[in-house]
There are 2 protein chains.
Amino acid sequence: MRRFVVVGHKAASSGNFKLEDMAGGAGRLDILIRCINSAFFLSHSIRKDAEIYLVMLGGEDAPKTVRIVGSEVKYLNPDERSTGALVRNALMMDVEDREMRSSPGIYVSRDSFYDVINRLSARSKIVYLRENGVDVQKAEFPEDVTFVLSDNQDLTSQEDDTLCSLNPAICSLGPYSYHADHCIIIINNELDRRGV
Amino acid sequence: MRRFVVVGHKAASSGNFKLEDMAGGAGRLDILIRCINSAFFLSHSIRKDAEIYLVMLGGEDAPKTVRIVGSEVKYLNPDERSTGALVRNALMMDVEDREMRSSPGIYVSRDSFYDVINRLSARSKIVYLRENGVDVQKAEFPEDVTFVLSDNQDLTSQEDDTLCSLNPAICSLGPYSYHADHCIIIINNELDRRGV
């Protein structure tokens with residue numbers, strides 16, 4: 001299983017945004033939406049071995065986490081607008097303590113970044129993508145691996161501390177810094193080449 | 001210079017489409033729009049050494065080619081909607097024989113796929129991305145290289161013949177077939193790693 005956790009520091013945590021304004025009023029939700037495309041789409045199919053956690057930290061209803069499971073997801077198309085509508089449906093749900101299913105393969109909870117990575121670290125190797133890490137092409141990964149990424153802002157020092165306390169692998173993808181959705185594509189290609 | 005040529009077999013060649021319908025009525029223009037994002041965006045800057053040609057073959061006004069030049073382009077944001085608006089502005093121009101500038105770094109012409117790759121082949125190495133090609137990580141590229149991609153349809157046999165007549169390098173990106181915009185990200189990462 002390959003997992004991606006993406007932190008949206010200002011991303012809308014409720015569904016009252018316009019699909020025309022995901023890059024503005026919805027707190028750069030567009031970045032997280034593109035990460036969904038990157039995580040799941042092959043040319044003619046959906047990656048069934050992938051899962052993504054989008055941690056929404058913007059707005060008064062934060063935190064919320066939208067989780068998408070490749071082996072279950074339906075109605076997913078590659079364009080930003082229709083994917084944004086699926087995520088908005090999830091954020092419109094009246095979620096309380098327990099994770100709820102919004103549509104096939106799409107779940108929403110009140111989990112924080114801490115909740116998400118702490119739980120995942122019990123069963124998956126956590127990888128922190130950072131400029132000064134080990135080249136991803138030279139790193140070794142177990143079968144169950146979780147890559148942590150951030151939106152257009154770096155992780156806060158508190159998030160960084162939380163993540164580093166889990167003893168993550170630190171990896172980089174090349175000489176430049178890339179958008180989160182581009183990072184996911186590069187990682188997927190690297191894992192594809194290994195036959196993971 | 002790294003160049004990308006993307007063929008949109010049904011992509012709108014005139015500007016009378018809605019930004020809400022790029023994946024539908026505009027003939028999968030959404031794919032070409034995402035290719036623009038992939039070609040140009042680094043985390044904190046635009047790639048000045050990149051250029052993309054989008055060949056629009058849908059509708060009665062086809063063919064048209066929208067060319068975007070990284071060293072000149074302005075007003076480019078990563079979301080599909082705002083990039084779609086820039087391309088629509090170009091397709092709304094009353095273009096005749098000569099290429100016209102729509103906004104800084106964005107040009108439109110009546111060039112066909114044949115016109116585009118024939119002209120480029122005089123000064124750039126053409127690379128055809130295909131499943132059975134040489135692994136891109138093992139291929140050698142000159143400084144000026146042009147990668148040819150297609151939208152959700154393969155190149156037609158006529159387009160394939162035209163391209164193959166130019167003696168292209170044939171490369172593949174891994175064990176799976178990817179969307180055109182994902183291919184561009186993988187190629188950009190590979191060239192970044194070489195310091196090209």
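Just so it is clear: chains get the letters A, B, ... in the order the sequence lines come, proteins before strands, and each one is counted from 1. A quick note: this is a predicted structure, and the numbers were derived from the prediction, not measured.
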Open item on the list: Counting only non-hydrogen atoms closer than 4.5 Å, can you tell me which residues of residues 68-97 of chain A sit against chain B?
Closed with: A:P78, A:D79, A:E80, A:R81
Open item on the list: For B:R193 versus A:L173, what's the shortest heavy-atom pair and its separation?
Closed with: NH2-O, 3.1 Å
TODO: Step through the shown structure and confirm whether more than 12 heavy atoms of other residues, nucleotides or ligands are within 6.0 Å of CD on A:E143.
DONE: no
Open item on the list: With a 4.5 Å cut-off on side-chain heavy-atom distances among I, L, V, M, F, W and Y, is there a chain of contacts connecting A:I46 to A:L191?
Closed with: yes
Task: Residue-level interface, residues 174-185 of chain A with chain B, non-hydrogen cut-off under 4.5 Å - done: A:G174, A:P175, A:Y176, A:S177, A:Y178, A:H179, A:D181, A:H182, A:I185
Open item on the list: Is it the case that over 12 heavy atoms from other parts of the model lie below 6.0 angstrom from the CG atom of A:D49?
Closed with: yes
Task: Hydrophobic cluster (4.5 angstrom, side-chain heavy atoms) - remaining members for B:L166 - done: B:V5, B:V7, B:Y53, B:V55, B:L57, B:F113, B:V116, B:I117, B:L120, B:I126, B:Y128, B:V148, B:L155, B:L163, B:I170
TODO: Using a cut-off of 6.0 Å, state whether more than 12 heavy atoms not belonging to B:R123 lie near its atom CZ.
DONE: yes
Task: Same cluster (ILVMFWY, side-chain, under 4.5 Å), B:F41 and B:I187 - done: yes
- [ ] Please state whether the side chain, the backbone, both or neither of B:R47 comes within less than 4.5 Å of a heavy atom of chain A.
- [x] side chain
Open item on the list: If the contact rule is any heavy atom under 4.5 Å from chain B, which residues of residues 14-40 of chain A qualify, in numerical order?
Closed with: A:E20, A:A23, A:R28, A:D30, A:R34, A:N37, A:S38
- [ ] Treat each ILVMFWY residue as a node, draw an edge where side-chain heavy atoms are under 4.5 Å apart, and state whether B:M1 and B:I106 are in one component.
- [x] no
Open item on the list: I'd like to know whether CG of B:D154 has more than 12 heavy-atom contacts from other residues, nucleotides or ligands below 6.0 angstrom.
Closed with: no
